[in-house]
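Each ligand, and each atom within it, is numbered from 1 in the order the structure gives.
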Amino acid sequence: MLSPICPHDRHALSENESGLSCAECGRQYPIQDGVVCTLDHPDDFYEGAYENQTRFLPRSEKPWHAWPLWLINGGYPWTVRHFVPPGATVVELGCAGGVRYFGQRYHMVGCDLSFLSLKKMEFYERRIQADAAACIPLPDNSVDAVVSSYFWEHIPPSLKPHILQESRRILRPGGKIVFLYDVETENPLIRRYKYNNHPLYNKLFIEGDGHLGYQRPLENLALFEEAGFRVVKHQGMEKTWLQSPSAYTKLAQFGTVGNRLFAWASRLGQQPFFYPYTAFMRLVDTLICPWLPADWARMDLVVCKKEDE
Ligand SMILES: [Zn+2]
């Protein structure tokens, strides 16, 4: 199991009966319910805010058992599976309730601000309550991949380069980043509402969810490249009028002629519509979206590789 380092001075920690301690600065980091706690204070916004867990476990790695990994969460678990071999050491940033499949396939380290989210994730080997924007408290060259879903858009642009620098530090040569995140969008449906009522757009799409890091797809890719990564693949999704039901729920609040339609469309997130609609959207994302402009995407799934020094 990977041992954390001190987030203040990056020295190795030694384990004692109450937790981990740093011989360099003398700080103590308690281990509670299996979670290494490195925060001085809980985070008021994120503590307990996101506890969603991806529960699906395939019966085997055969494609006919594993394909739902392609369907769920924008294909994020499927893409991680494709680019990161089994047995690898993987850190998930902003892991919330975690991905059960990752716990089965990898040596997982979950990193999140929320103690309550981490507490329930016994299926990850290591769980660390830490602020990745300050330090990802793991040793240099110690992991094969850094992954995240819906984490990156919560990071203010000024802090993103630091997180990439930390990711690069902990990754082994050739290590991968797989990030799925929302982006600032020029989607033809959403931009009508965005430009007609910018304050409401900000309230619903940005402030309500703590989305302080909305940037355009290509702005994000430039950050990865500036940090010494090569972009291996990026897949913009939800470029058409077909949107996640949660986006329709937000659009219904703009109070226009479309709001009854959006209120109806937001029901696509419930049974019996959820699986057929999700499958249809994934097909559109896979077959049609690659031909549409990058700026129309509402989210991007990005795979990067750490380039040699
Ligand atoms: Zn220390």
* To do: Verify the distance test for Cys25 against the Zn ion (ligand 1): any N/O/S atom under 2.8 Å, yes or no.
  =>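 Yes, within the cut-off.
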
* To do: Measure from the Zn ion (ligand 1) to each N, O or S atom of His11 and report whether any distance is below 2.8 Å.
  =>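 So His11 does not count as coordinating the Zn ion (ligand 1).
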
* Asked: Salt bridge check: are Arg10 and Glu24 linked by an N-O gap of less than 4.0 Å?
  ->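 Judged by the 4.0 Å cut-off on N to carboxylate O distance, Arg10 and Glu24 do not form a salt bridge.
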
* Asked: Quick one: side-chain hydrogen bond (donor to acceptor under 3.5 Å, both in side chains) partners of Arg100, sequence neighbours excluded?
  -> Gln53

* Asked: Between Leu113 and Ile31, is there a shared hydrophobic cluster once you connect ILVMFWY residues whose side-chain heavy atoms come closer than 4.5 Å?
  ->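 No, it is not one cluster - the side chains of Leu113 and Ile31 are not joined through contacts under 4.5 Å.
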
* Structure fact -> Atom name of the N, O or S atom of Asp9 nearest to the Zn ion (ligand 1) is OD2

* Listed once per pair and sorted, the ring pair (Phe, Tyr, Trp, His ring centres under 6.0 Å) pairs that draw on residues 271-300, sequence neighbours left out ->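 Residue pairs with at least one partner in residues 271-300: there are none.
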
